[in-house]
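Scroll down for the structure; my scribbles are underneath it.
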Amino acid sequence: MRWSWVLVCLLLAGCGPALDIASLPETPERPERIEGIWEGAIALGELRIVIHVQHADGELSARVDVPDQGARLPADDARFDGERLALRVDAIGAAYSGTLDGSGSRLQGEWHQGVGIDLDLVKVEKPSVRVRAQTPKPPFPYRAEEVRLPGGAVDVTLAGTLTVPAGRGYPAVVLVSGSGPQDRDETVMGHQPFRVLADHLSRNGVAVLRYDDRGVGESTGEREQAVTADFAADAAAAVAYLRGRGDMDAARVGVIGHSEGGVVVARLAARDRGLSCGVMLAGPAVPGADVQQAQLREVLGAMWFVPDSTVEKVADLNAALYPAARGPGTWEQRRAEGRAIYREEFERFNFVERALLRLQPEGTALVNVVVSPWFAHFLDYDPGVDLAAARVPILALYGELDLQVPAHQSVPALEAIARDTGRFDVRVLPGLNHLFQTAETGAPDEYPRIEETMAPAALSAIADWVVHNC
């Protein structure tokens, strides 16, 4: 869901924060004042930030949660001098610095991710829970069952929720999330699209299995080295699990995937002859490199303060890094090559552009992502090849305002394949964004401000098609 949008954010964030964490003592002073859970919200995007601080054996540790994005990130360094807390999270080039007020219950400070943003944190007993208008509420006209099943590798066990309608003979589907660590509800910015979709489908007579990604929530397994093919193996295992249950019709099991999950649909549709149907929700139909280039241009181009010439430079910078992602050698070797390329490309940006985009000379965060195994696989995999080989009916839905997987890029490719196979139903839903919310611009910064989790038109289109085609 968020693959290249994440890269855009990393690029805008730069290499890391300008905080002098080292000026604070390594051994915390009066740590009892800072232990606990601290919560606040970044006004830009209304993102909740929750920081868990612990003290043991003379050392301070912290974890930063972004519940609206389903992210849990350990701090690489956390220090406290009795008044001021400072921590950094290298994975996203971010840091926080805050000072306790007189009551000792509020931290007044800033979140740093290239640019400083005011972020005050309040001590709480437990993190808040955001409930959107469409979040399903009981009583439910279907049965919900917590399940565990083998994943696509020996060390992977998937934990999920299966919702089962009354009666028999109903179709069943597996929900596959977009990129990045996703829980079973595909939680993002206070929304739970998969929870809403599963509820709607099961109310309309469809059994639905949704699960935490490997290495997320209650699912086990290592995700650091995993690529799309590995996530497809997990989805295939989930499909096999449903077929093997005595209460499911093994001939009516399909898969629904969002964004990168749509790519998983393409892989399974070409490889699993027992699959009954597939639904691609904002699923790319062209190679990853093309998707990333289009996404960079669309998302950055929607920012009024970024000139077109600068957008092209950013796209060129990313393209220049592709050889490092594709290259041989160890991760460290590819990283070194990527950093050398980045430093050379960095010189093409003038002073104003560097300040505007908060570009740093090293570009560590961006380079680390680009040379990851996942990104290397993403760059060159062409879902169109698998879609041409698919032998099951596929519904492909796109939002007219989607800037992350633009309809104008993937729809022509799918329509060309559909002319040869006749197995695709391709639709562009007006006024909807990448999350299939009713939107104004489609820009990612709208996602948390929109109360709607998924437009009724999208929910109805999916449910009607699945009931009649799976």
Using modelled atom types only, decide if a donor and an acceptor are shared between the side chain of Gln192 and the backbone of Glu186 within a distance under 3.5 Å. no
Once the angle between the rings of Tyr142 and Phe140 is folded into 0 to 90°, is it parallel (under 30°), tilted (30 to 60°) or perpendicular (over 60°)? parallel
Using only atom types and a distance under 3.5 Å, with no angle test, would you say the side chain of Asp290 pairs donor to acceptor with the backbone of Val286? no
Is there a donor-acceptor pair closer than 3.5 Å between any side-chain N or O of Gln134 and the backbone N or O of Met454? yes
Is there a donor-acceptor contact under 3.5 Å from the side chain of Asp185 to the main chain of Phe194? no
With a 4.0 Å cut-off on N to O distance, would you call Arg348 and Glu345 a salt bridge? yes
Cationic tip of Arg88 within the cone over Tyr96's six-membered ring, i.e. under 6.0 Å and within 45° of the normal? no
Give a yes or no answer on whether the side chain of Tyr398 reaches the backbone of Gly283 with a donor-acceptor pair at less than 3.5 Å. yes
Hey, does the side chain of Thr441 reach the backbone of Ala443 with a donor-acceptor pair shorter than 3.5 angstrom? yes
Quick one: OH on Tyr211 to OG1 on Thr157, what's the gap to the nearest 0.5 Å? 13.0 Å
Can we say Glu362 and Arg339 salt-bridge, meaning some charged N sits less than 4.0 Å from an Asp/Glu carboxylate O? yes
Indicate yes or no: does Asp199 engage Arg195 in a salt bridge with an N to O separation below 4.0 Å. no
Can you tell if the side chain of Asp230 reaches within under 4.5 Å of the side chain of Thr228, non-hydrogen atoms only? no
Indicate yes or no: does Glu145 engage Arg143 in a salt bridge with an N to O separation below 4.0 Å. yes
Basic-acidic side-chain contact under 4.0 Å: Asp386, Arg271: yes
Does Ser179 offer a backbone N or O that forms a donor-acceptor pair with the side chain of Gln182 under 3.5 Å? yes
Quick one: which of Leu397, Val467, Val173 gives a side chain to side chain contact (heavy atoms under 4.5 Å, CB included) with Ile462? Leu397
